[in-house]
Amino acid sequence: MADHKDLLDILRQTDGYLSGEELSRQLGVTRAAVWKKIEQLRQEGYEIDSVTRRGYRLTGIPDSISEAEVRANLSGKGTFGCHIVSLPSVDSTNEEAKRQGDAGAPHGSVFVADEQTGGKGRLGRRWVSAPGSGLWFSILLRPDVLPSEITGITLLSAVAVCRGIHALTGCDARIKWPNDVVIGTKKVCGILTELSAEMEHVHYLIPGIGINTNNGAFPPELSDRATSLKIETGQDVRRAVLLGKILEEFEDLYNRYGVSSFPEEYCSLCVSLGRPVSLTRGGRKLTGIAAGIAPDGALLVQTQEGEKIAVTSGEVVVQGFYGENCNGNYF
Ligand code: BT5
């Protein structure tokens, strides 16, 4: 028997009104059942106009990340989003992806949640993921590569996020090497890539992406360094639409670059390049200019002492931007 998601699909695909009789015919259910389904959708936040003798018309879609809403907004070829898991609340979408990855979930699965109770950043840092305020999701990938060959994936993901944000909001989203997406000098998105592998084989790879969409404000410790799409544009963003767009861009990039390389576009989007930077290496504080990105994704820094070094991990502070050490303390 058809459920209310089928009714939603029909309403979505119809421009004008559809009578209760026509809906009951198409769904193969009674008119009373149609009415019940309409009420159920209204409770989920869908706005449905009803006019006597004309019927029903969909007039408003909520900012829902339900599987049905995500699926309705997928426009890629179908690999990314073949399996969608949407949860009201979860510890971390990366952790959910790992659990389901261990249980055999397929390449291209997407895990999305309205709230994360244990959202995480790199080095055990916390990622603030309040309910309804952002798009928190993870993609499960099963590339046939060695663990040493996954160096491009975080960079590629950042490009997909910039493209998706720009397409939907017009915001000039850029990248602070390696994994922050910023608007101006504030962070709108963070990416955490995790891996399950043996020496010779990657079981799966999980880029986890957190984008502040509709946050009106942040906790005091983040307020001068975090922003949201709503703060930047004054408009609400429908997260399922943004997710659909990012998955489409991700699929396009993944099919062209895989996980081992990244698009040249990364460099033109990267705000770190050409700026003074400082970092700590082997207990030594170094300063210099971010001069380029190596093919393996490392940041090339021309130091004041005249050396050119490749930085693959750790915190690089870009002049004019926020920074923090591995304890999450700012400097
Ligand atoms: C990151 O780490 O930026 C990676 C964040 C990844 C989050 C996604 S959400 C979906 C998936 N599931 C997860 O559990 N994680 C991923 P890092 O570069 O270490 O930055 C963390 C720092 O960003 C924190 O120490 C804060 O200073 C700051 N921060 C925390 N929450 C933030 C937010 N909502 N917006 C902006 N900055 C935030």
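Start at 1 and go down the list; that is how both ligands and their atoms are numbered.
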Query raised in the report: Do the charged groups of Asp236 and Arg238 touch, with an N to O distance under 4.0 Å?
Result: no

Report summary line: Lys120 heavy atoms within 4.0 Å reach ligand 1 at atoms 5 (C), 6 (C), 7 (C), 13 (C), 14 (O), 15 (N), 16 (C)

Query raised in the report: Does the pair Glu39/Lys36 count as a salt bridge with the N-to-O cut at 4.0 Å?
Result: no

Report summary line: Quick look: Ile209 vs ligand 1, heavy-atom contacts under 4.0 Å, and the answer is backbone

Query raised in the report: Going by an N to O cut-off under 4.0 Å, is there a salt bridge joining Glu305 and Arg281?
Result: no

Query - Distance filter under 4.0 Å to Phe137 heavy atoms, resulting ligand 1 atoms - result: 10 (C)

Query raised in the report: For ligand 1, which atoms sit closer than 4.0 Å to a heavy atom of Asn212?
Result: 33 (C), 34 (N), 35 (N), 36 (C)

Query raised in the report: Does ligand 1 have an atom under 4.0 Å from some heavy atom of Arg126?
Result: yes

Report task. May I ask you to check whether Gln26 and Glu22 show a side-chain donor-acceptor distance below 3.5 Å? Result -> yes

Requested in this report: Using distance alone, determine whether Val128 and ligand 1 share an N or O pair under 3.5 Å.
Outcome: yes

Query raised in the report: Side chains of Gln100 and Tyr204: donor-acceptor distance under 3.5 Å anywhere?
Result: no

Report summary line: Candidates Arg225, Arg122, Lys187, Glu194; heavy atom nearest atom 20 (O) of ligand 1 found on Lys187

Report task. Check each atom of ligand 1 against the heavy atoms of Gly119 and keep those under 4.0 Å away; list them by number with element. Result -> 14 (O)

Report task. Please indicate whether Trp35 has more than 12 foreign heavy atoms, meaning atoms of other residues, nucleotides or ligands, lying under 6.0 Å from its CH2. Result -> no

Query raised in the report: Which value, rounded to the nearest 0.5 Å, describes the distance between Asp180 atom CG and Lys187 atom NZ?
Result: 3.5 Å

Requested in this report: Evaluate whether atom CZ of Arg256 has more than 12 neighbouring non-hydrogen atoms of other residues, nucleotides or ligands under 6.0 angstrom away.
Outcome: yes

Report task. Consider every N or O of Ser92 and every N or O of ligand 1, then say whether any pair is closer than 3.5 Å. Result -> yes

**Report entry** Atom indices of ligand 1, in the order listed, that fall short of 4.0 Å to a heavy atom of Thr93
**Finding:** 10 (C), 11 (C), 12 (N)

Query raised in the report: Has Asn179 got any heavy atom lying under 4.0 angstrom from an atom of ligand 1?
Result: yes

Report summary line: Ranking Leu222, Ile211, Val90 by closest non-hydrogen atom to atom 26 (C) of ligand 1, top hit is Leu222

